[in-house]
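Working notes for the structure below.
Ligands are counted one by one from 1 in listed order, and the atoms in each one are counted from 1 as well.
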Amino acid sequence: MTFEFSDRIKRLPPYLFAELETLAREKKRCGVDLISLSIGDPDLPPPPFILESLKEEAGDLKNHNYSFSQGEPAFRTAVTEWCKERFGVDLKNDQVISLLGSKEGIANTARAFINPGDRVLVPDPAYPVYANGSAILCDGKTVPIPLLEENNFKPDFDTINTEGAKMMFLNYPNNPTAATVDKNFLKDAIDFAKEHNIILCYDNAYSEITYDDYRAPSILEVDGAIDVALEFHSLSKTFNMTGDRIAFAVGNKKLVDGLAKVKTQIDSGPPVYTQKAATKALASYKNHEVPAFLKKNNQTLQERRDLLVTTLCKLGYEVESPKATFYVWVNCKCDSMKFAARLLDVGVAITPGLGFGKYGEGYARITFTQPKERIVEACNRIAAAF
Ligand SMILES: Cc1ncc(COP(=O)(O)O)c(C=O)c1O
């Protein structure tokens with residue numbers, strides 16, 4: 001039997017993270033005590049009140065039927081209340097859709113709007129799902145938007161070729177560069193999208209993982225955003241729930257409707273018990289304050305960040321201390337694969353910038369999703385390697 005992959009599958013580049021995982025597994029198999037600073041999966045647990053809620057709701061027999069493709073009404077209401085509380089943004093329930101993780105929503109939105117040959121503007125470097133899961137798997141054409149250090153890893157809208165472009169992805173706080181933006185930048189992005197009739201998919205997965213009093217804005221805070229934008233949020237990073245697969249998209253109703261049309265045909269909403277626990281999680285935001293759990297979580301991450309940044313600076317790397325995310329983006333001043341290989345040799349796994357696109361070359365992403373003592377040990381090993 002010879003079963004051929006579809007052309008679109010053949011067009012996918014190798015998923016670099018999977019290759020790294022294989023390499024790392026191989027090291028571990030050989031007995032190396034590998035410290036993984038490569039994958040963006042927090043080591044910290046969800047807060048106890050969410051674990052309790054998950055246990056309780058999963059134990060309720062009523063919570064094991066299919067959920068609506070667009071999500072449970074109570075969950076969508078909780079999302080609208082959270083958007084109001086957190087960003088001061090007013091939304092209706094029909095401008096909200098639940099997701100089985102924001103990755104799924106990002107990929108499926110393109111399915112609703114991208115025809116073969118349509119151009120999709122994708123930041124480079126970027127989370128690979130925009131180019132692969134969205135553009136390529138929908139037979140769209142990826143147009144890279146370079147994110148350059150001299151522009152603080154923000155796009156220069158004046159230089160983007162918009163011909164045939166139907167959709168654009170933006171992501172701040174940014175993975176992998178950890179760059180952040182303010183509302184003025186978001187206003188420029190909305191103006192650009194409106195002028196060229198481009199759907200703006202804004203990935204705000206890291207909006208809650210912030211430090212030094214920085215608070216990330218929502219693109220929906222900008223006047224007119226609701227005409228062109230769909231914003232993705234996730235409980236994965238905010239509440240350390242990556243494996244629970246619960247997220248949501250909010251924004252323009254036509255964009256939500258398109259995504260709902262796709263999802264109705266291919267899946268149902270996230271498990272009802274997960275949505276119920278997520279409802280409680282969102283309701284923990286009160287009085288415009290950062291919830292206690294999140295304050296503590298980000299304080300822990302901030303201490304690790306400071307350790308890592310200090311070590312890298314001592315070694316002569318110019319590293320910006322990130323105001324958000326759990327990534328440090330290092331200009332490694334050399335071939336990023338070689339840099340990663342050198343660190344792998346001393347038992348530290350990081351991600352070479354090339355894995356995020358060609359403009360990521362010369363950089364490396366180091367995550368601080370390991371306990372402090374492991375970060376200290378990793379720092380010692382990095383220092384020894386250089
Ligand atoms: C920028 C960005 N967006 C979205 C996601 C996906 O998150 P999830 O599918 O867990 O909601 C990730 C995960 O690493 C990410 O880095």
Hey, are [X] and [Y] close enough for a salt bridge, meaning a charged N less than 4.0 Å from a carboxylate O?
X      : Y      : value
Glu52  : Lys55  : yes
Lys280 : Glu57  : yes
Lys183 : Asp223 : no
Lys187 : Asp191 : yes
Lys92  : Asp94  : no
Lys323 : Asp212 : no

What atoms in ligand 1 come closer than 4.0 Å to a heavy atom of [X]?
X      : value
Asn175 : 1 (C), 15 (C), 16 (O)
Tyr130 : 1 (C)
Gly101 : 9 (O), 11 (O)
Ser234 : 8 (P), 11 (O)
Tyr206 : 1 (C), 2 (C), 14 (O), 15 (C), 16 (O)

Is there a heavy atom in [X] that sits closer than 4.0 Å to ligand 1?
X      : result
Phe232 : no
Asn171 : yes
Phe248 : no

Nearest neighbour of atom 9 (O) of ligand 1 from the list Glu104, Lys237, Arg245, on a heavy-atom basis: Arg245
Geometric N/O contact [X] with ligand 1, under 3.5 angstrom:
X      : result
Tyr327 : no
Tyr127 : no
Lys103 : yes

Atom 10 (O) of ligand 1: nearest protein contact (heavy atom, Å): Ser236 OG, 2.6 Å
Nearest-neighbour protein heavy atom for atom 2 (C) of ligand 1, which is reported as residue plus atom name and distance: Asp203 OD2, 3.3 Å
Structural part of Ser102 in contact with ligand 1, heavy atom criterion under 4.0 angstrom: both
Output field: ring centroids Phe185/Tyr172 closer than 6.0 Å: yes
Audit row: Thr162, Phe192, side chain to side chain contact (heavy atoms under 4.5 Å, CB included) steps and yes/no: CA-CA 10 Å; Thr162 55; Phe192 172 82; 3.4 Å; yes
Member of Tyr285, Phe75, Phe239 meeting the ring pair (Phe, Tyr, Trp, His ring centres under 6.0 Å) criterion with Trp82: Tyr285
Chi angles and distances behind the ring-ring contact (aromatic ring centres under 6.0 Å, His included) call for Phe356, Tyr363: CA-CA 10 Å; Phe356 301 99; Tyr363 294 87; over 10 Å; no
